[in-house]
Amino acid sequence: MDDKEKKIQKTETPSGLTDEQIRENEQKISDMKQELEDYIEEQGIYIRQ
């Protein structure tokens, strides 16, 4: 494995995180995204998707 492959592999999965921690982080991100969308909608701002 050359250096380029190592860099690609390293960026795909942060080192030291377990699958459980990755799932927890993804859930937190999803929750924050939903909170932000709700706040934006409450403010009367609508974004085309």
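Both Ile45 and Leu36 belong to a single network of hydrophobic side chains, linked directly or stepwise wherever heavy atoms of I, L, V, M, F, W or Y lie under 4.5 Å apart.
Note that NZ of Lys28 is 9.0 Å distant from CD of Gln21, once rounded to the nearest 0.5 Å. To the nearest 0.5 Å, atom CD of residue Glu26 and atom CG of residue Asp31 are 12.0 Å apart. Here Glu24 contributes atom CD and Leu17 contributes atom CG; the two are 10.0 Å apart, rounded to the nearest 0.5 Å. Atom NZ of Lys33 sits about 13.5 Å away from atom CD of Glu35, to the nearest 0.5 Å.
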